[in-house]
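Below: the structure, in structure tokens.
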Amino acid sequence: MKKLYLLMTVVAFATACKTCEIDEIPMLNPEISFEISEHLRVGENIKNLCLVNQKNYFYSVGANIIRVQNDQQTTFTASSEILSLAWNNAEAALYFGTHASGLGCLKNGQIHYFTESSHGLPRNLVRHVVCDSEGGVWFNTSAHLLGGLGYLQNNRVEIYTPQNSLLPDNLIKSIVCRDQEIWVATGGYVTYQKVVKIAAGQWELLPVSGYYLMEMDVDTNGALNIIDDYGLSSSFSVTNHIINYTGKQTKILLPPSATRFSFYPYRLKSDRRNYLWVAKYSSPDAKRLIVYNGESWIEPPASFPDDFINCIATDPQNRIWLGTTDGIYRLDQ
């Protein structure tokens, strides 16, 4: 265990050096802690979380965006329900997806929108938004046979589709950004859902395919983890699972003795130890949260709250933030 602890500390140092945040290097404890360090915004249904730094974060409830800075709370109201939040560090602005108002931007206390009418979006429903390290904003503005992957920079929007890119389908299911690299999961017909990677302007169709791809994340080593849901399949022999692709090999992540009806993951997030935190629909004798540490699947103790988990986020100190139907739980690691 001491060797593992030392290795994780070295990895954290190397990762911090890439971002010049040496003063924020956490001592990565290999043990998983389910102890609740803080319970914030009790009673609120937190749909989305966006962490800027230790004392500055955003969350959304319905059409409201709430900024918490140095324990001071400010509320901004959008024109429709908020579906995702992403901080653009290059612009010091918050971008967000909406149910019916397109791509939103909150900057200097003001909200403006990028929509069908203003910037030629294929539709005003935007579910996923991520921002790269150079200020580019990637978002989905798509449906079956409509639209695709949106890219915004310098107030100009470009839409990538199967007609002008390597995207195999118009429907964008999930987007992940790590520095300047972008991963995009596409939909389409079941069993033919794919993942595309964009790096240094080059597009690559990865050897990853699923029945019905859902949320994904990429860890600090560049390994992709993506949920594959077989809930629509008529075959009971295939279990919902997580696909792990390292760039060299693919494997299936599945808790021991899991069945299609006992393991139903819908959210996941990699922490700085590359442990995978997964929110799942649960049976009465199981928790909604489970963690894969690279070797074993670990559930919280029976005393852990069983509120529905809407979102999972991590910060530079490797603290885990859970947005739930009863506020925000922070788990210091």
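Reckoned from all heavy atoms, side chains included, excluding hydrogens, waters and symmetry mates. The model shown is predicted, which means the values in this text are computed figures rather than measured ones.
Surrounding OH of Tyr211 are more than 12 heavy atoms belonging to other residues, nucleotides or ligands, all under 6.0 Å away. No more than 12 heavy-atom neighbours from other residues, nucleotides or ligands sit within 6.0 angstrom of CG on Asn108. Few gaps surround CZ on Arg41; more than 12 heavy atoms of other groups in view lie less than 6.0 Å from it.
Taking the centre and axis of the six-membered ring of Tyr95, the NZ or CZ atom of Lys107 falls outside the cone set by 45° and 6.0 Å.
Under a hydrophobic clustering in which Ile, Leu, Val, Met, Phe, Trp and Tyr are joined whenever their side-chain heavy atoms come within less than 4.5 Å, directly or via other members, Leu85 and Ile111 fall into the same cluster. Leu51 and Trp277 fall into different hydrophobic clusters, where Ile, Leu, Val, Met, Phe, Trp and Tyr residues are linked whenever their side-chain heavy atoms come under 4.5 Å apart, directly or through other members.
In this structure, the side chains of Phe58 and Asn48 stay at 4.5 Å or more apart for every pair of heavy atoms. Side-chain contact between Thr259 and Tyr264 is absent, with no heavy atoms from C-beta onward closer than 4.5 Å. Contact annotation: the side chain of Ser270 approaches that of Asn225 to within less than 4.5 Å [non-hydrogen atoms, C-beta and beyond]. Here the side chains of Asn310 and Leu49 are not in contact, with every heavy-atom distance at 4.5 Å or above. Side chains of Cys131 and Trp87 form no contact here, defined as non-hydrogen atoms less than 4.5 Å apart.
For Asn64, the side chain to side chain donor-acceptor pair (under 3.5 Å) partners are Thr77, not counting sequence neighbours.
Contact check on Asp332 versus Arg330 returns a salt bridge, with a Lys/Arg side-chain nitrogen under 4.0 Å from an Asp/Glu carboxylate oxygen.
In this structure a side-chain-to-backbone donor-acceptor pair under 3.5 Å is present from Lys280 to Lys287. With hydrogens and angles ignored, the 3.5 Å screen pairs a side-chain donor or acceptor of Gln193 with a backbone N or O of Leu213. Side-chain atoms of Gln73 do not come within 3.5 Å of backbone N or O of Arg67 as any donor-acceptor pair.
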Exercise. Can you check side-chain contact (heavy atoms from CB on, under 4.5 Å) on Trp297 and Val291, steps first, answer last?
Worked result: CA-CA 6 Å; Trp297 292 87; Val291 184; over 6 Å; no
Problem set entry | Test side-chain contact (heavy atoms from CB on, under 4.5 Å) applied to Ile328 and Tyr59, step by step | CA-CA 9 Å; Ile328 301 168; Tyr59 68 92; 4.3 Å; yes
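Side chains of Gln163 and Thr161: a donor-acceptor N/O pair is present below 3.5 angstrom, by distance only.
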